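What follows is one structure encoded as structure tokens, with my remarks underneath.
Note that the structure is predicted; figures quoted are calculated from it, not measured. Residue numbers start from 1 in every chain, and the chains themselves are labelled A, B, ... in the order their sequence lines are given, proteins ahead of strands.
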There are 4 protein chains.
Amino acid sequence: MPRPRRSAVLTAFRTSALLDAARRVFGKSGFEAATIAEIAREAGVAKGTVYLYYRSKRSIYWAALREGIAELDARTRKRVRRAATLHDAIREFILTKVEYFDERRDFFRIYVQELSGQAVRPQFGHADFKPLYQRQLRGLQTAVTAAIDRGEIRRVDASRAAGAIVDLTRGVVSRRLMRRRRARAAAEVDAVVDLIWRGLASKGSLKR
Amino acid sequence: MPRPRRSAVLTAFRTSALLDAARRVFGKSGFEAATIAEIAREAGVAKGTVYLYYRSKRSIYWAALREGIAELDARTRKRVRRAATLHDAIREFILTKVEYFDERRDFFRIYVQELSGQAVRPQFGHADFKPLYQRQLRGLQTAVTAAIDRGEIRRVDASRAAGAIVDLTRGVVSRRLMRRRRARAAAEVDAVVDLIWRGLASKGSLKR
Amino acid sequence: MPRPRRSAVLTAFRTSALLDAARRVFGKSGFEAATIAEIAREAGVAKGTVYLYYRSKRSIYWAALREGIAELDARTRKRVRRAATLHDAIREFILTKVEYFDERRDFFRIYVQELSGQAVRPQFGHADFKPLYQRQLRGLQTAVTAAIDRGEIRRVDASRAAGAIVDLTRGVVSRRLMRRRRARAAAEVDAVVDLIWRGLASKGSLKR
Amino acid sequence: MPRPRRSAVLTAFRTSALLDAARRVFGKSGFEAATIAEIAREAGVAKGTVYLYYRSKRSIYWAALREGIAELDARTRKRVRRAATLHDAIREFILTKVEYFDERRDFFRIYVQELSGQAVRPQFGHADFKPLYQRQLRGLQTAVTAAIDRGEIRRVDASRAAGAIVDLTRGVVSRRLMRRRRARAAAEVDAVVDLIWRGLASKGSLKR
DNA sequence: CATGAATGAGTTTTCATTCAT
DNA sequence: AATGAATGAAAACTCATTCAT
């Protein structure tokens with residue numbers, strides 16, 4: 001295996017600096033209001049240089065988004081995989097995201113806006129984005145189905161359950177980031193996990 | 001004091017046509033990408049006419065948003081007020097929104113983007129918007145607290161419960177609108193109400 | 001002689017109100033920044049009405065300018081005519097203008113800007129304007145020539161002398177209007193008349 | 001700290017071309033009627049390029065004005081400083097301006113309009129402009145005062161005398177530029193200097 | 001590879017002027 | 001005659017993208 005040519009190292013270096021900068025700038029201003037000039041300045045390069053690595057403003061935006069999602073996805077999968085029960089899997093799922101976005105607030109701004117955009121204008125999103133996002137849903141769905149089969153929880157629509165977990169996760173993260181002082185992550189996560197867990201696991205019919 | 005405009009009717013007519021057009025255009029493209037020219041064309045008037053009724057692009061955007069939210073809020077309050085139990089209140093809450101946004105997909109796009117924006121950049125957004133949105137949360141919170149006092153549900157953090165209801169509602173609506181063919185609203189709503197209800201009402205500790 | 005038809009009265013009334021308003025508004029903002037809407041509002045009529053009396057923004061501007069100049073010209077001629085000597089004629093000339101513009105500051109703004117414009121872009125001014133303005137110069141020139149013939153003053157270039165009188169007049173008025181508190185007109189005028197008079201009347205050669 | 005622009009030469013070149021163009025265009029049309037597009041065309045660059053060097057239409061206007069005034073001021077001071085007597089100082093003062101504006105007619109248009117604007121709406125105008133202009137007046141005033149002290153001229157109000165010199169200068173320049181064929185500068189200047197000099201220097205009382 | 005000057009399409013907003021009522 | 005709603009041309013300014021150095 002040839003060691004990377006100088007240019008590969010350089011490329012990796014620039015790419016990383018540019019994506020960092022992009023995340024900050026898009027996170028601060030949103031896609032439209034962000035400018036290539038600002039990203040370049042933030043990354044410490046000239047404007048033209050951005051175009052040596054990315055074809056367009058959109059494309060650096062997608063790249064930043066994709067990288068963040070991929071990283072988040074990787075972390076999530078790693079931690080969820082270790083969970084022995086669905087309960088723990090859900091807890092790890094939510095906790096991973098809460099912790100990740102606590103670290104990367106800027107990225108959350110991009111992520112959530114894009115997610116809303118997706119929800120709302122499916123035709124627009126980048127082809128790469130939806131699958132990455134859907135994989136999460138499918139992962140949860142599979143876990144839920146397995147738990148049903150194991151008798152851990154009652155028979156629920158696995159797809160809807162997965163959706164609900166995702167929705168509640170987003171809600172927790174959103175509200176955390178809106179507050180100036182953030183509560184301990186574990187406490188907040190446990191509360192929402194408790195809610196969803198009762199929702200999934202309680203059997204029989206409840207008095208309304 | 002200027003005598004009244006020749007025709008309040010005309011103003012109402014134009015205003016309404018412009019807000020309709022604004023909703024469609026902002027819904028399709030988002031705030032930044034939308035153009036006044038397109039809104040004008042869509043409303044069947046000349047560009048300058050828009051400025052006879054609204055001072056700026058932002059202001060017609062807010063007007064469209066405000067009108068939609070006010071209408072949604074009114075409908076929601078009316079139906080929730082009639083509900084005898086928290087269970088029914090939650091059901092009506094969600095159902096009202098599902099039905100409203102089924103009718104007004106365009107508006108959902110604006111609404112959800114703005115909501116995400118709020119979550120993410122609270123300093124932006126119009127002053128009018130947050131209160132209108134927070135009122136919802138407080139309404140739910142009050143209902144939850146009352147239900148706890150009546151012993152309908154277990155002791156939960158009312159604020160978190162309200163947040164969860166809002167999050168799940170948004171999720172349901174989002175996913176409905178993403179699908180080409182929409183399921184019956186009632187079925188979908190019942191499923192999510194069931195989930196949240198069990199989450200709130202199930203007492204004792206559950207095996208994990 | 002038929003008495004004026006109603007419409008003639010009305011026309012006179014409107015015209016006068018419009019010119020007053022125009023003077024104020026053009027005086028306050030200059031030609032470009034002034035708007036027909038503001039003139040109409042100031043005159044207490046609707047925008048469209050302005051166009052019943054004047055064909056265009058330029059034309060109401062010219063009308064306001066012309067009226068002011070004509071009035072100023074009339075006053076000046078009347079007072080200058082009475083003067084027995086050139087010295088008095090000059091004094092009356094300057095005094096009339098100082099007094100007139102003390103009364104009508106707004107008009108001075110229009111007048112002086114237009115005069116500068118004329119000086120600078122002769123091709124632009126309205127055809128009516130230059131003659132009105134030149135008549136002043138010729139009047140002074142004639143008076144100077146007569147004074148030379150009478151031996152009141154030394155032989156000077158009458159045209160240049162007339163120009164100098166006009167220039168100094170403008171300067172006095174300008175500086176008066178720039179100051180918050182205005183000195184007595186007579187004192188200021190006498191000072192400048194003294195200067196110009198010595199300039200014109202002193203004979204022989206002076207040590208330099 | 002950004003390293004110096006690649007080429008200060010380029011900046012100087014563009015700046016100069018743009019100011020030249022600005023002078024021509026503002027001179028032709030006045031501030032309001034001039035357009036950035038026309039300035040750009042005149043300078044042989046694209047519209048956007050203007051904004052690389054100046055932040056706004058106003059700012060290129062001020063820059064053109066300031067440059068012209070500064071140059072004129074420098075020339076004037078240099079030549080006036082050399083004059084041994086007030087008579088010569090006045091002559092040099094007027095002559096410098098006549099010659100300068102003979103070269104730069106376009107600039108005169110801007111200059112005189114701005115001066116009128118100042119006279120008439122002091123609150124507008126750029127902060128830099130008034131001092132630059134007032135310095136002239138003060139310079140003349142000082143020279144007049146000194147001449148009085150030396151007994152060169154009679155006791156006159158120095159401030160008024162300075163004003164008169166400025167007014168007459170403007171008049172001479174104006175009238176020169178209005179004519180198609182211009183007389184020799186010296187002849188015209190001498191005539192007006194003679195006038196003002198007699199005005200200032202003639203002692204005793206003159207028959208009126 | 002990197003730069004940053006140049007470009008010009010595209011957007012918001014204003015306002016003189018028209019014309020149906 | 002009067003109105004004022006509607007029009008759309010025009011202008012300042014921004015910024016993604018290109019390309020000569």
Side-chain angles (χ1 to χ4, degrees), chain A residues 6-7 10-11 14 32-41 44-61, chain B residues 2-7 10-11 13-14 32-40 43-60, chain C residues 6-7 10-11 14 32-41 44-61, chain D residues 2-3 5-7 10-11 13-14 32-41 43-60:
Chain A
R6 173 151 47 151
S7 66
L10 182 54
T11 295
R14 285 272 189 254
E32 311 277 356
T35 69
I36 291 286
E38 193 181 359
I39 293 171
R41 198 183 326 122
V45 300
K47 227 177 345 153
T49 304
V50 177
Y51 285 86
L52 296 176
Y53 295 89
Y54 297 95
R55 314 159 48 87
S56 68
K57 187 182 176 184
R58 274 236 102 84
S59 103
I60 190 170
Y61 174 79
Chain B
R3 67 188 108 162
R5 255 200 251 295
R6 188 84 69 95
S7 158
L10 177 57
T11 294
F13 175 71
R14 285 275 184 249
E32 312 274 0
T35 71
I36 290 286
E38 193 181 359
I39 293 172
V45 299
K47 224 172 350 134
T49 303
V50 177
Y51 286 88
L52 294 180
Y53 295 89
Y54 298 95
R55 310 153 59 93
S56 67
K57 186 181 174 184
R58 274 235 99 85
S59 102
I60 190 170
Chain C
R6 172 150 48 150
S7 66
L10 182 54
T11 294
R14 285 274 187 251
E32 311 276 357
T35 69
I36 291 286
E38 193 180 0
I39 293 171
R41 198 181 327 122
V45 300
K47 228 179 340 154
T49 304
V50 177
Y51 285 85
L52 295 177
Y53 295 89
Y54 297 95
R55 314 159 47 86
S56 66
K57 187 181 175 183
R58 273 236 102 86
S59 102
I60 190 170
Y61 174 79
Chain D
R3 67 187 109 162
R5 256 199 251 294
R6 189 83 69 95
S7 158
L10 177 57
T11 295
F13 174 72
R14 285 274 186 250
E32 312 275 0
T35 72
I36 290 287
E38 193 180 1
I39 293 172
R41 197 182 328 121
V45 300
K47 219 171 358 129
T49 303
V50 178
Y51 287 89
L52 294 180
Y53 295 88
Y54 298 94
R55 311 152 58 92
S56 66
K57 186 182 176 184
R58 276 234 100 86
S59 101
I60 191 171

Is the shortest side-chain N/O distance from T11(D) to OP1 or OP2 of dA5(E) below 4.0 Å?
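No, T11(D) has no side-chain N/O under 4.0 Å of OP1/OP2 on dA5(E).
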How many Å lie between [atom1] on [X] and [atom2] on [N], as a whole number?
X	N	atom1	atom2	result
F13(B)	dA5(F)	CZ	P	15 Å
R41(D)	dA11(F)	CZ	P	10 Å
I60(D)	dA12(F)	CD1	P	11 Å

Drop me the distance from Y53(D)'s OH to S59(D)'s OG, to the nearest 0.5 angstrom.
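Spacing of OH (Y53(D)) from OG (S59(D)) equals 13.5 Å.
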To the nearest 0.5 Å, how far apart are NZ in K57(C) and CD1 in I60(C)?
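Reported value, rounded in 0.5 Å steps: 11.0 Å.
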How is Y53(A) classified with respect to the nucleic acid when contacts are heavy atoms under 4.0 Å: base, sugar-phosphate, or nothing?
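Counting heavy atoms under 4.0 Å across all strands, the contact made by Y53(A) is with sugar-phosphate only.
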Please work out if R14(A) contacts a base, only the sugar-phosphate, or nothing of the nucleic acid, heavy-atom cut-off 4.0 Å.
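Sugar-phosphate contact only - R14(A) comes under 4.0 Å of backbone atoms but never of a base.
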If each of V50(B) and A46(C) is mapped to the nucleotide of DNA chain F with the nearest heavy atom, which maps nearer the 5' terminus, i.e. the 5' end?
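That would be A46(C).
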Given Watson-Crick and G-U pairs under 3.5 Å, DNA chain F in dot-bracket ([ ] crossing, | other strand) is .||||||||||||||||||||
Which residues satisfy the side-chain hydrogen bond (donor to acceptor under 3.5 Å, both in side chains) test with Y61(C), sequence neighbours excluded?
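Y61(C): side-chain hydrogen bond (donor to acceptor under 3.5 Å, both in side chains) contacts with E114(C).
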Tell me, please, which residues at least two apart from E32(C) pass side chain to side chain contact (heavy atoms under 4.5 Å, CB included).
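Listed in chain order: E32(D), A33(D).
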Sugar-phosphate means primed atoms, P, OP1 and OP2; the rest is base. With that split, encode nucleotides 14-19 of chain E 5' to 3' as B, S or - using protein heavy atoms under 4.0 Å.
BSSBB-
Pairs under 3.5 angstrom only: tabulate donor-acceptor contacts from the side chains of residues 34-41 of chain C to other protein residues two or more places apart or in another chain.
from	atom 1	to	atom 2	distance (Å)
T35(C)	OG1	E38(C)	N	3.1
E38(C)	OE2	K28(C)	NZ	2.6

